[in-house]
Structure formats: structure tokens, C-alpha cells
Amino acid sequence: MSGQDERALALLTAAHADLPRAAVAELPIGERDRRLLTLHQDLFGPRLTALATCPECSASLELEFDAEAFGAALEDEFATEQADAPLSFSHDGYDIVFRLPNSRDVLALRQGRPDEENKLRLLERVVLRASRDEQEVPAANLPAAVIDALEGRLSLVDPHADIRLDLDCSACRARWQAPFGIVCFLWSAVDAWALRLLRDVHRLARAYGWREADILALSSPRRQCYLDLLDE
């Protein structure tokens with residue numbers, strides 16, 4: 001998980017030079033991923049394609065969907081300075097004040113640690129205050145029903161933090177939900193684009209003897225014109 005979060009920070013920091021890495025790290029996970037969806041749309045267009053495997057018959061499914069379906073084109077839901085804004089709700093007599101988890105929280109979790117331990121660690125970080133009958137209650141001592149209610153509230157307030165796709169298999173008619181991770185998706189797209197650009201630079205430098213900086217200074221359409229001429 002931490003590797004994907006580091007990549008998310010790298011992508012957004014590179015795309016928004018005016019936004020310090022520390023500010024990006026404090027964006028709620030859902031807002032961070034929504035901005036990554038918007039970045040994908042700006043760089044590669046709104047269409048997304050992916051592959052999935054049916055859990056019942058192991059058939060391969062090719063998926064195509066639109067980034068705007070996940071709200072990528074919406075205005076920023078959270079201003080940077082509001083990322084730590086406290087939220088509250090009550091359940092079964094417990095009053096909870098919490099904030100939305102961010103990349104800093106996830107990076108603080110230890111890889112290899114059991115999921116339940118990491119879940120508790122994250123809970124302790126995002127619960128700012130918990131009380132019952134005006135008595136403080138440690139986050140670790142909250143009953144399971146209250147924790148479940150908190151998780152439901154987190155999903156409601158920050159829906160982009162856990163995007164799920166409703167899938168169905170045409171071969172066996174199975175239906176299931178699959179998580180969609182924009183970080184891995186966008187990183188792979190940028191990596192493929194960078195490799196294509198490197199190959200284009202190599203072709204043009206070899207054919208015309210131009211410097212890399214001069215080739216990269218060309219607009220994409222003009223660079224493509226020269227590449228097309230090499231194919232004639």
C-alpha cells in the first residue's frame with residue numbers, strides 16, 4: 001500500500017508544482033484519488049480501459065468506462081486548508097469527532113503488520129475524540145458496531161477513497177464488485193507514455209542528429225509530423 005501512496009504523491013506533486021508535497025499528503029484519500037482521475041482525464045482523455053478476471057469461471061473481461069462517471073470533472077470538494085477539518089456523528093450513545101484519512105496516515109502503517117493492527121492504528125489516527133456520557137473513550141476501546149458505523153460514515157463523506165466497479169461476466173452471468181485503483185492505473189499510463197516518448201526522441205535524434213532538449217521542445221503535433229515523415 002505505501003508504494004502506491006508514494007506514487008500518488010509523486011504524480012500529484014509533479015502535476016501541481018504550486019502545491020507542496022506536504023499539502024498533497026494531507027489531502028483526504030478520496031480527494032487525492034479524484035484529482036488523479038482528473039489528471040488522467042487531462043493527460044489521456046476520459047476513457048479508461050482495464051482487464052478483470054471472473055472469480056467464478058476465470059474468464060477475462062475487458063472493461064471500458066468513463067472517468068467522469070466517478071466525478072473526475074467535479075470541482076474540488078476539499079480545499080487544501082480544509083483537509084483536516086473535523087467531522088462528527090453519534091451512534092449508540094457514542095459521540096465521535098474524526099477527520100478523513102490521508103496519505104500521511106496510510107504511509108504511517110507498517111507493511112507486513114496484520115490488517116487488524118493496521119486498521120486499529122488508522123482508527124487511532126483519524127478519531128480525534130470519542131466519548132460516551134461525556135466520558136472520554138480511547139479509539140481502541142470503541143465497540144465493533146461504532147467502528148462499523150464510522151467506516152460507513154467515512155465512505156459516505158469521502159466516496160472516492162474506495163471506488164468499486166459493478167461487474168458481470170457474459171460467460172457465466174456471475175456478478176461481483178471489484179476495487180478500482182486509479183494510482184496504479186495512472187502510473188502505468190504515464191510509464192507507457194514516457195517509454196513511447198523516449199523511443200520517439202531516439203528515432204528523431206538518430207535520423208536528424210537533433211539534441212534531446214530540442215526534440216522535447218517541439219509541440220506534440222509537430223514532433224509527430226517528423227515521425228510520420230520517417231515512415232514514408
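Throughout, residue positions are numbered sequentially from 1 according to the sequence presented.
- L230 and L198 are assigned to two separate hydrophobic clusters, defined by single-linkage of ILVMFWY side chains at heavy-atom distances under 4.5 Å.
- Between L107 and L9, the shortest heavy-atom distance links the atoms CD1-CD1, 3.9 Å.
- Put simply, CG on N102 and CG on L27 are 8.0 Å apart, with the number rounded to the nearest 0.5 Å.
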- request: Apply side-chain contact (heavy atoms from CB on, under 4.5 Å) to S88 and I96, showing your working.
  value: CA-CA 5 Å; S88 63; I96 311 295; over 6 Å; no

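- Residues P101 and L122 are in side-chain contact: their nearest non-hydrogen atoms beyond the backbone lie under 4.5 Å apart.
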Sequence neighbours left out, cut at 3.5 Å: what donor-acceptor pairs do the side chains of residues 166-184 make with other protein atoms?
residue : atom : partner : partner atom : Å
D166    : OD1  : Q177    : NE2          : 2.9

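- Aromatic ring pairs are classed by plane angle as parallel below 30°, tilted from 30° to 60° and perpendicular above 60°; the pair W210 and Y208 is parallel.
- Taking both residues in full, the closest heavy atoms of G93 and R132 are given as O-CG, 3.4 Å, listed atom of the first, atom of the second, then distance.
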Working note: R32 + D5, criterion salt bridge (charged side-chain N to carboxylate O under 4.0 Å, His left out); need CA distance, chi angles, decisive distance, verdict. CA-CA 10 Å; R32 181 202 73 184; D5 289 278; 2.6 Å; yes

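- A continuous path of hydrophobic side-chain contacts links L229 to L204 [ILVMFWY only; heavy atoms under 4.5 Å].
- In this structure R206 satisfies the salt bridge (charged side-chain N to carboxylate O under 4.0 Å, His left out) test with no other residue, sequence neighbours excluded.
- The CG atom of L11 sits 10.0 Å away from the NE2 atom of H16 when rounded to the nearest 0.5 Å.
- For R199, the side-chain contact (heavy atoms from CB on, under 4.5 Å) partners are L195, not counting sequence neighbours.
- By the side-chain contact (heavy atoms from CB on, under 4.5 Å) test, L216 pairs with L197, V201, E212, sequence neighbours left out.
- Not one N or O on the side chain of D33 forms a donor-acceptor pair closer than 3.5 Å with the backbone of A161.
- Between atom CG of residue L120 and atom CG of residue D115 there is a gap of 12.5 Å, rounded to the nearest 0.5 Å.
- A pairwise comparison of heavy atoms in L61 and A59 identifies CD1-O, 3.3 Å as the closest pair.
- Linking ILVMFWY residues whenever their side-chain heavy atoms come closer than 4.5 Å, directly or via other members, leaves L156 and V126 in distinct clusters.
- Applying the salt bridge (charged side-chain N to carboxylate O under 4.0 Å, His left out) rule to R223 yields no partners; only residues at least two apart in sequence or on another chain are considered.
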Report task. Could you walk me through whether R21 and E6 pass salt bridge (charged side-chain N to carboxylate O under 4.0 Å, His left out), step by step? Result -> CA-CA 10 Å; R21 178 184 168 89; E6 287 285 5; 2.6 Å; yes

Please test R121 against E117 for salt bridge (charged side-chain N to carboxylate O under 4.0 Å, His left out), starting from the C-alpha separation and ending with a verdict.
-> CA-CA 6 Å; R121 174 63 174 161; E117 289 187 29; over 6 Å; no

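- Looking at residues two or more places apart in sequence or on another chain, you find a salt bridge (charged side-chain N to carboxylate O under 4.0 Å, His left out) between R164 and D162.
- In this structure, R34 CZ and I163 CD1 are separated by 10.5 Å, a value rounded to the nearest 0.5 Å.
- Both L19 and L37 sit in one connected hydrophobic cluster of ILVMFWY residues. Membership requires side-chain heavy atoms under 4.5 Å apart, directly or through other members.
- Under the ring pair (Phe, Tyr, Trp, His ring centres under 6.0 Å) criterion, no residue pair touches residues 108-145, with sequence neighbours excluded.
- Residue D200 holds its CG atom at 9.5 Å from CD1 of I215, rounded to the nearest 0.5 Å.
- Closest approach of H160 to G30, counting heavy atoms only: CB-O, 3.2 Å.
- Annotation: side-chain contact (heavy atoms from CB on, under 4.5 Å) contacts of R196 (sequence neighbours excluded): A192, W193.
- Annotation: side-chain contact (heavy atoms from CB on, under 4.5 Å) contacts of D95 (sequence neighbours excluded): S90, S131.
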Show, in sequence, the C-alpha distance, side-chain angles and deciding distance for L36 and L12, and conclude whether the side-chain contact (heavy atoms from CB on, under 4.5 Å) test is met.
CA-CA 7 Å; L36 289 173; L12 280 182; 3.6 Å; yes

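- Residues passing the side-chain hydrogen bond (donor to acceptor under 3.5 Å, both in side chains) test with D231 are R203, sequence neighbours excluded.
- Judged as a salt bridge (charged side-chain N to carboxylate O under 4.0 Å, His left out), and not counting sequence neighbours, the contacts of D66 are R47.
- Between F185 and F65, the two ring planes are tilted [angle within 30° to 60°].
- Remark: T38 OG1 to L186 CG distance equals 10.5 Å, nearest 0.5 Å.
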side-chain contact (heavy atoms from CB on, under 4.5 Å), that's the test. Do V97 and L87 meet it? Break it down for me. CA-CA 6 Å; V97 179; L87 303 166; over 6 Å; no

Let me check something: any side-chain donor-acceptor pairs from residues 133-152 under 3.5 Å, sequence neighbours excluded? List them with distances.
residue : atom : partner : partner atom : Å
E136    : OE2  : R129    : NE           : 2.9
E151    : OE2  : K119    : NZ           : 3.1

